[in-house]
Amino acid sequence: MEEGKPLRKRDKIIRGFSKLLKEDKLKVVAEYIENPSEFVALLKSFWYQDKEKQKQFDEFSENTISNFHIPYGVSPNVTINDKSYVVPMVIEESSVVAAASAAAKFWGERGGFHAEVIDTQKVGQVHFCWKGKKEILIDLMPSIKKELLLNISSITENMKKRGGGILDIQLLDYTDKIDNYYQLLVTFNTCDSMGANFINSILESFGHSLQDFFKRQEQLNDDERDVEIVMCILSNYTPECRVKVWVECPFNELDGIDKSLDGKAFAEKFKKAVDIAHIDVYRAATHNKGIYNGIDAVVLATGNDFRAIEAAGHSYAARNGTYESLSEVVINEDIFRFSLEVPMSLGTVGGLTSLHPLANKSLELLGFPSAKELMMIAATMGLANNYAAVKSLITKGIQQGHMKMHLANILNKLGATEKEKSLATDYFKDKIVSYSEVDKYLKQLNVKTLH
Ligand code: MEV
């Protein structure tokens, strides 16, 4: 970690890195940086002073050398089914929280958001290959199921007490697609937990039990007694764990959103924009990304797994064979209705939801919601952001709002004073913002004050 030492070669393998102490890991990584001591000091400046707290964060993951901060914001005035929430949102992108908050306020004054959970079933799969006749497998299924369930009774005991557990086990035959390939498709109710560990433990136990079961079937030949377990894992595609959220109002309540459009024209143009996202995949991806701006922010703030939520949503968006918008607009007489239906497997107990101190506070801020209630809240923020994005796109465009935040970020980066910030904000009101233009403007200001 000496200054001036040549940088570590990028093609050199680092051996035993995970076993190093954190300080030593930091030193090794710093060898890739031009100014190692500045790098180490910077990363350490993001460590918590409180050693216990830092240890907790270190242990969430592996090879941790620092913490990476992302803004924690809130969107107040979110009314869902007549209940008001202050919704925590963790997101680095400017304008998302502002857009969600403005949309929440707007719809709050028009009856609020309406939401309903359609179902909460989760899915897991045991993928296996078996060389016998399908009819034999079908005949054996009742006994197989009985044995599988018996062997996991200790794992399901607590979940059963909470009202959850295994809902169904189905045998699926895919031998026409892959030789000898079958699947056990298992559905679960995991109550208020996301349930990944619960589901995966059960599936792995099912895999072992399935192999044991066949080994003991003396009436079968050697080949038939052998089951190849390919893998046992939950599915992040959860179409039966789904939530619906919508807003609606008569056209005249949309008057005045834009100077050049009355309420009816606004509603029709809005519908056109959403319809485009139903027929064109390029637009659909961006449209749905705007929805996940809102959803992910809540998912992250509550310590849930945003990759799982996105994977489910994007697969659901492609359920009809083409990737489409997740939201839709229906105009009925003079009523504008904008809705979103998304799969969402969330938890409010277990995992990071209780371990991460801020995730826990987010849940407290929301009044310790059930998993179902959290599904409605996260989906609402998705619809709120989608509304705000499409509204901007069909009226003034999104750059005006974005540029305001962009300008603020550039001014902070350039170390502008409060006075300079206010002058620059005024100056760039009707101009294109870029780093070099803002830099030039600040330099000019300084030259003027020097003279
Ligand atoms: C940007 O993060 C999200 C938008 O592109 C979404 C959209 O285009 O609908 C504004």
Side-chain angles (χ1 to χ4, degrees), residues 70-75 78 87-107 113 244-247 254 257-258 261 265-301 306-307 309-314 316-318 322-331 336-342 344 378-410 432-435:
I70 297 185
Y72 181 96
V74 289
S75 181
V78 180
V87 181
M89 298 179 85
V90 170
I91 186 149
E92 86 301 343
E93 185 177 329
S94 57
S95 302
V96 169
V97 177
S101 305
K105 187 160 176 287
F106 179 85
W107 285 108
F113 293 85
K244 182 174 182 163
V245 51
W246 69 97
V247 285
L254 301 171
I257 291 176
D258 187 74
L261 300 168
F266 174 84
E268 283 166 354
K269 193 170 178 191
F270 196 103
K271 176 170 164 47
K272 211 174 284 168
V274 177
D275 287 350
I276 291 171
H278 275 272
I279 59 137
D280 176 61
V281 66
Y282 286 95
R283 176 58 204 148
T286 321
H287 180 93
N288 289 344
K289 189 270 184 186
I291 293 173
Y292 280 96
N293 275 345
I295 294 180
D296 283 353
V298 180
V299 172
L300 263 170
F306 66 94
R307 284 88 54 213
I309 300 302
E310 289 245 359
H314 296 302
Y316 189 69
T322 47
Y323 183 89
E324 294 172 19
S325 162
L326 286 163
S327 61
E328 75 169 356
V329 172
V330 173
I331 290 179
F336 167 82
R337 183 184 163 105
F338 180 40
S339 64
L340 168 70
E341 216 171 295
V342 267
M344 201 180 287
T380 293
M381 301 322 282
L383 189 71
N385 271 105
N386 191 206
Y387 170 78
V390 175
K391 184 202 85 174
S392 293
L393 290 169
I394 62 162
T395 55
K396 58 185 189 309
I398 59 158
Q399 280 314 82
Q400 208 174 308
H402 271 223
M403 279 304 141
K404 244 197 233 159
M405 306 296 269
H406 187 46
L407 175 63
N409 287 340
I410 295 176
I432 291 176
V433 175
S434 75
Y435 191 89

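Atoms within each ligand, like the ligands themselves, are counted from 1 in listed order. Numbers for residues simply follow the sequence, beginning at 1.
The structure places CG of Leu393 at 5.5 Å from CZ of Arg283, a figure rounded to the nearest 0.5 Å. Atom CZ of Phe106 is separated from atom OH of Tyr387 by 4.0 Å, given to the nearest 0.5 angstrom. If you take CG on Leu261 and CZ on Phe270, they are separated by 12.5 Å, rounding to the nearest 0.5 Å. Separating the CG atom in Asn293 from the CD1 atom in Ile91 is a distance of 4.5 Å, to the nearest 0.5 Å. Between the CG atom in Leu326 and the CD atom in Glu341 there is a gap of 9.5 Å [rounded to 0.5 Å]. Remark: Leu383 CG to Trp246 CH2 distance equals 11.0 Å, nearest 0.5 Å.
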Does ligand 1 have any N/O atom under 3.5 Å from a protein N/O, and what are those pairs and their distances?
residue	atom	partner	partner atom	Å
ligand 1	2 (O)	Glu93	OE1	3.3
ligand 1	2 (O)	Glu93	OE2	2.6
ligand 1	2 (O)	Lys289	NZ	2.7
ligand 1	2 (O)	Asn293	ND2	2.9
ligand 1	8 (O)	Arg283	NH1	2.9
ligand 1	8 (O)	Arg283	NH2	3.4
ligand 1	9 (O)	Arg283	NH2	2.8

